Amino acid sequence: MPVAVLHATDLPTVAPADPPGRQPSAPLAKRRLPAGRPREWYVRHNRRLKAMRLAIALLDAGAHGPGFVHDRTIRAAAVRLGIHPPSTATCRMVRQLMHYPR
């Protein structure tokens, strides 16, 4: 009796289903920042948000880690994303965020 051999190309491919009620990469609704904080708090908060956006974009673009990303690369990514070029402190924060696993 001949035995049928299955190859990986013969198997059906099925995409994994998302959990019900969840849309992938749906943006969160924007909320106003709390009033009455010192100005430095708002500056730090906005710097963290910008650094997170840049770190995620760089990792998605294939940056392998913080040692491979220089200020020039981070600033070029900001221009591509339509974000104002980050300061040196923000670039340093981007590299720190890239240390953490996603």
Side-chain angles (χ1 to χ4, degrees):
M1 276 191 199
V3 177
V5 177
L6 288 177
H7 297 286
T9 56
D10 298 332
L11 298 175
T13 57
V14 178
D18 285 336
R22 181 180 174 270
Q23 292 185 0
S25 54
L28 297 174
K30 289 190 175 186
R31 296 186 318 204
R32 295 181 60 96
L33 292 176
R37 306 260 174 141
R39 181 176 172 11
E40 295 161 359
W41 184 89
Y42 297 104
V43 170
R44 261 195 329 264
H45 176 76
N46 289 329
R47 178 170 287 154
R48 280 190 213 116
L49 290 178
K50 180 188 271 190
M52 280 191 286
R53 268 187 252 125
L54 287 168
I56 290 169
L58 287 166
L59 288 169
D60 288 345
H64 297 294
F68 299 100
V69 181
H70 302 290
D71 288 357
R72 194 175 319 132
T73 309
I74 295 171
R75 289 186 176 115
V79 169
R80 279 194 311 272
L81 293 172
I83 302 172
H84 286 282
S87 65
T88 306
T90 305
C91 291
R92 195 168 42 244
M93 191 178 287
V94 168
R95 283 189 289 276
Q96 287 173 346
L97 285 171
M98 290 177 77
H99 276 291
Y100 300 112
R102 280 176 74 179

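All residue numbers in this chain count up from 1 along the given sequence. A quick note: this is a predicted structure, and the numbers were derived from the prediction, not measured.
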K.L.:
What's the shortest heavy-atom distance between G36 and Y42, and which atoms?
P.N.:
N-OH, 3.5 Å
K.L.:
Might you point out which heavy atoms bring M98 and A63 nearest each other, and give the distance in Å?
P.N.:
CE-CB, 3.8 Å
K.L.:
Work out which heavy atom in S87 is nearest to a heavy atom in R75; give both atom names and the distance.
P.N.:
C-NH2, 3.6 Å
K.L.:
Report yes or no: does K50 contribute a side-chain atom to a donor-acceptor pair with the main-chain N or O of H84 at less than 3.5 Å?
P.N.:
yes
K.L.:
Calculate, to the nearest 0.5 Å, the distance between atoms OG1 and CE belonging to T88 and M93 respectively.
P.N.:
12.5 Å
K.L.:
Between OG1 of T90 and CG of D71, what distance do you get to the nearest 0.5 Å?
P.N.:
10.0 Å
K.L.:
Would you give the length of the straight line joining atom CD of E40 to atom CZ of R47, rounded to the nearest 0.5 angstrom?
P.N.:
11.0 Å
K.L.:
If you apply the rule side chain to side chain contact (heavy atoms under 4.5 Å, CB included), what do you find for I74 with R95, and how did you get there?
P.N.:
CA-CA 9 Å; I74 295 171; R95 283 189 289 276; 3.6 Å; yes
K.L.:
What about F68 and V94, same hydrophobic cluster or not, with Ile/Leu/Val/Met/Phe/Trp/Tyr joined at side-chain heavy-atom distances under 4.5 Å?
P.N.:
no
K.L.:
Rounded to the nearest 0.5 Å, what's the gap from CG on L97 to CZ on R53? Could you check?
P.N.:
12.0 Å
K.L.:
How close do P85 and A78 get, heavy atom to heavy atom, and via which atoms?
P.N.:
CA-CB, 4.3 Å
K.L.:
Using 0.5 Å steps for rounding, measure from the CG atom of L54 to the CG atom of L59.
P.N.:
11.0 Å
